[in-house]
2 protein chains.
Amino acid sequence: MLSLTEENYLKTIYRLSDGGAKAVLTNEIADSMNTKAASVTDMVKKLSVKDLISYEPYYGVKITRLGKNEALMVIRKHRLWETFLVDKLKFSWDEVHDVAEQLEHIQSPLLIEKLDEFLGYPTADPHGHPIPDKNGKIQILKQVPLSEIALNKKAFVRSVKDGSSSFLQYLSKIGIYIGATITILERIEFDGSLEIVIDNKKKVFISRDVSENLLVTE
Amino acid sequence: MLSLTEENYLKTIYRLSDGGAKAVLTNEIADSMNTKAASVTDMVKKLSVKDLISYEPYYGVKITRLGKNEALMVIRKHRLWETFLVDKLKFSWDEVHDVAEQLEHIQSPLLIEKLDEFLGYPTADPHGHPIPDKNGKIQILKQVPLSEIALNKKAFVRSVKDGSSSFLQYLSKIGIYIGATITILERIEFDGSLEIVIDNKKKVFISRDVSENLLVTE
DNA sequence: ATAAAAGTTTAGGTTAGTCTAAAAAAATTA
DNA sequence: TAATTTTTTTAGACTAACCTAAACTTTTAT
């Protein structure tokens with residue numbers, strides 16, 4: 001069984017490597033975890049012996065299939081707990097992270113099974129991030145333009161079709177960001193513009209063009 | 001803030017001292033925690049410096065007001081989590097202890113506040129043990145062993161003295177649970193065993209040992 | 001009352017995880 | 001290509017929590 005620290009390293013390496021795609025450097029890990037490169041080198045050797053990562057001195061680390069699975073299980077637990085905190089205990093988005101960071105290390109497969117069931121087998125956490133299933137499978141959600149979403153349905157902003165900086169600046173100005181939740185309140189027939197609510201808080205109008213360039217998942 | 005280990009020591013000392021009433025010896029702590037006397041001595045010095053216990057070499061330790069409060073907060077968390085596991089996640093009695101043992105160390109006052117509210121401010125956990133409130137106050141219930149209850153008097157099962165999972169499994173097998181109503185129909189002189197009726201429905205025989213380990217209120 | 005037994009503490013060592021400072025390797029620049 | 005800078009690793013130390021073995025108190029028994 002992995003220690004809390006080992007789990008945190010794996011989770012970080014998984015994230016920094018874009019899910020295992022690329023190698024990660026010692027200093028990246030150190031910066032990301034607020035620790036020192038020397039400490040990372042030590043841990044990386046340890047994880048390497050356990051075959052959770054492969055490590056070539058001076059060239060960085062790659063996560064193995066085994067390590068990837070462990071990382072996914074920690075992420076699964078984190079996201080299930082976040083869902084619990086928001087949906088059941090009425091935490092707000094910004095309060096959940098630190099607590100979930102602790103809860104994700106509780107060791108009990110039965111607990112996670114039952115929590116998953118209690119929450120109704122959610123596929124995404126409150127930030128819209130997908131929750132890996134018990135086999136580590138992540139449901140790839142089809143991204144569609146916001147314009148195709150039905151009224152009053154929650155949608156999570158995933159990406160933009162047109163990545164021009166003026167568009168991005170406009171989005172951030174009105175409070176839209178990757179991960180934001182959007183619900184369409186009304187479609188204006190006249191010009192296809194939408195009245196939407198962002199993060200259950202802020203109501204704004206956006207044009208049809210904007211809604212066709214925002215890619216979301218349900 | 002206390003470490004996980006410090007919390008566990010305090011909890012054990014609180015329990016062994018009957019809630020702070022009497023002093024506890026090094027070896028008692030060591031036995032109870034499956035550790036060695038030398039390790040206990042080390043920790044006891046540490047807790048003493050933090051004014052959580054008072055420690056006189058060779059004469060044992062007494063828990064201070066401060067230490068008692070810390071212990072009560074850990075117990076509060078443990079029992080709230082056990083209640084959550086049984087009431088919400090449908091764990092059975094005997095499955096909850098190890099998980100609650102981990103969950104009790106999560107640090108977040110807000111989490112415990114919200115969990116308490118979510119559970120409807122329970123005053124006792126699924127084993128019938130009282131849950132300290134956020135100020136550390138415990139509601140005192142006058143509990144007596146079932147063996148001391150008169151014939152044909154209704155009694156409510158509140159807790160068990162011996163919480164071993166084999167005992168809990170046995171109880172649930174014969175249909176006894178916290179909150180059950182029990183009436184003694186007959187005392188068998190020969191061995192002190194009892195014929196009882198559970199919830200005015202099911203008649204069973206239980207040994208003297210069992211009746212002495214079942215704590216009830218009238 | 002004193003010797004043996006029981007219990008407790010001290011001394012010294014281990015492991016996991018961390019750190020700083022110095023050495024070594026790789027990358028960059030002149 | 002050689003020198004300098006950056007990055008990484010090694011070396012050596014620290015802390016928390018644990019251990020064993022030896023020394024020291026206290027208790028018990030003869």
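Everything numeric here is computed off the predicted structure, so don't read it as measured data.
Applying the side chain to side chain donor-acceptor pair (under 3.5 Å) rule to pairs touching residues 67-76 of chain B yields B/Arg76-B/Asp116, sequence neighbours excluded. Applying the side chain to side chain donor-acceptor pair (under 3.5 Å) definition to pairs two or more places apart or across chains, those involving residues 209-218 of chain B are B/Lys153-B/Glu218, B/Arg158-B/Thr217. Listed by first then second residue, pairs satisfying salt bridge (charged side-chain N to carboxylate O under 4.0 Å, His left out) with a partner in residues 125-138 of chain A read A/Arg79-A/Asp125, A/Glu113-A/Lys134, not counting sequence neighbours.
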| message | Please determine whether side chain to side chain contact (heavy atoms under 4.5 Å, CB included) holds for the pair A/Tyr14 and A/Leu72, giving the CA-CA distance in whole Å, both sets of side-chain angles, and the decisive distance to 0.1 Å. | response | CA-CA 8 Å; A/Tyr14 179 83; A/Leu72 282 165; 3.4 Å; yes
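When the nucleotides D/dT20, C/dT10, D/dT8 are ranked by their closest atom to the side chain of A/Thr26, D/dT8 comes out on top.
Partners of B/Lys50 under the salt bridge (charged side-chain N to carboxylate O under 4.0 Å, His left out) rule, at least two apart in sequence or in another chain, are B/Glu6.
Salt-bridge annotation for B/Lys11 and B/Glu104: present, with a side-chain N of the basic residue lying under 4.0 Å from a carboxylate O of the acidic one.
Going from atom CG of B/Asp31 over to atom C1' of C/dG7 covers 11 Å, rounded to whole Å. In this structure, CE of A/Met1 is placed 14 Å from P of C/dA16, rounded to the nearest angstrom. In this structure, NZ of B/Lys45 is placed 14 Å from C1' of D/dC18, rounded to the nearest angstrom.
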Listed pairs, N/O of protein and of nucleotides 13-15 of chain D, under 3.5 Å:
none

Tabulate protein N/O versus nucleotide N/O from nucleotides 21-27 of chain C, keeping only pairs under 3.5 Å, one per line.
unit_1, atom_1, unit_2, atom_2, d
C/dA25, O4', A/Tyr58, OH, 3.4

